[in-house]
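Let me begin by presenting the structure, written as structure tokens, before commenting on it.
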Amino acid sequence: QVQLVESGGGLVQPGGSLRLSCAASGRTFSSYAVGWFRQAPGKEREFVANINRRGSGTNYADSVKGRFTISRDNAKNTVYLQMNSLKPEDTAVYYCAVGVTITFSSGYDFWGQGTQVTVSS
């Protein structure tokens, strides 16, 4: 079992930045790939980014490519999502998830509770 806790969400103006954190406890964190997802009101959950176990490979949704950066620190059991140039359409609840064998949007075994990101002036 892996427990995931997201933090770092909040209210930010368009063009601003936030850094989300996903802290893991339980089984060996470095055994898992990690993904970030988001869900806006009335919309389906969508893939944002993922990172492999060693942090050497990443993938991004086209909508965030060039603005968001995913990274991890296995010594701290934490994954980060640096979000720059935020837009109102980035407003959503952001979730992290882990899995041993993942694709872009499937194969995730454990999920966090989410953190709200609101981009508004």
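Side chains are part of it too, since the values below use all heavy atoms of this structure and drop only hydrogens, waters and symmetry mates. Note that the numbering runs from 1 along the sequence shown for the chain.
Closest heavy-atom contact between K65 and Y60: CE-O, 3.6 Å. Nearest approach of T58 to I70, heavy atoms of both residues: CG2-CG2, 3.6 Å. The minimum heavy-atom distance between N84 and S17, with the atom names listed, is OD1-OG, 2.9 Å. When all heavy atoms of L18 and V117 are compared, the pair lying nearest together is CD1-CG1, 3.9 Å. The two atoms that bring T91 and A40 nearest to each other are O-CB, 3.6 Å, heavy atoms only.
Geometrically, R72 does not engage Y32 in a cation-pi contact defined by less than 6.0 Å to the ring centre and at most 45° from the axis.
W36 and F47 have their aromatic ring centers separated by at least 6.0 angstrom.
Within the 4.5 Å cutoff, no side-chain heavy atoms of E46 are placed close to those of E44. Taking the side chain as every heavy atom from C-beta outward, F110 and Q1 approach each other to under 4.5 Å. Between E89 and V119, the closest side-chain pair of non-hydrogen atoms is not below 4.5 Å. Annotation: side chain of Y95 is not in contact with side chain of R38 (no heavy-atom distance under 4.5 Å). Contact annotation: the side chain of L4 never approaches that of W111 to less than 4.5 Å [non-hydrogen atoms, C-beta and beyond]. Between F29 and K76, every side-chain heavy-atom pair lies at or beyond the 4.5 Å cut-off. Side-chain contact between Y108 and N50 is present, with at least one heavy-atom pair separated by less than 4.5 Å. The shortest side-chain heavy-atom distance between P88 and S120 does not fall under the 4.5 Å cut-off.
Using a 3.5 Å distance cut-off with no hydrogens or angles, the side chains of S121 and Q13 do not pair a donor with an acceptor. Judged purely by distance below 3.5 Å, without hydrogens or angles, the side chains of D73 and T78 never pair a donor atom with an acceptor atom.
With a 6.0 Å radius and a threshold of 12 heavy atoms from other residues, nucleotides or ligands, Q113 has its CD atom at or below the threshold. The local environment of CZ in R67 is crowded, with over 12 non-hydrogen atoms from other residues, nucleotides or ligands closer than 6.0 Å.
The backbone N or O of R53 lies less than 3.5 Å from a partner atom in the side chain of N74, making a donor-acceptor pair. Although no hydrogens or angles enter the test, the distance criterion places no donor-acceptor pair under 3.5 Å between the side chain of T28 and the main chain of S31. With hydrogens and angles ignored, the 3.5 Å screen pairs a side-chain donor or acceptor of E6 with a backbone N or O of C96. A donor-acceptor pair is defined here as one N or O able to donate and one able to accept, closer than 3.5 Å; such a pair exists between the side chain of T115 and the backbone of G9.
In the hydrophobic cluster analysis, where Ile, Leu, Val, Met, Phe, Trp and Tyr join through side-chain heavy atoms closer than 4.5 angstrom, V100 is grouped together with V79.
With salt bridges taken as basic N to acidic carboxylate O contacts below 4.0 Å, none links D90 and K87.
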Show the numbers, then the answer: is there a side-chain contact (heavy atoms from CB on, under 4.5 Å) between M83 and Y94?
-> CA-CA 11 Å; M83 306 186 296; Y94 283 71; 3.9 Å; yes
S105 and F37: CA distance, side-chain angles, deciding distance, side-chain contact (heavy atoms from CB on, under 4.5 Å) verdict | CA-CA 8 Å; S105 59; F37 294 78; 4.1 Å; yes
Step-by-step side-chain contact (heavy atoms from CB on, under 4.5 Å) determination, S106 to I102 | CA-CA 6 Å; S106 64; I102 64 169; over 6 Å; no
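A side chain to side chain contact (heavy atoms under 4.5 Å, CB included) with L81 is found for one member of V48, V34, V64 and no other, namely V48.
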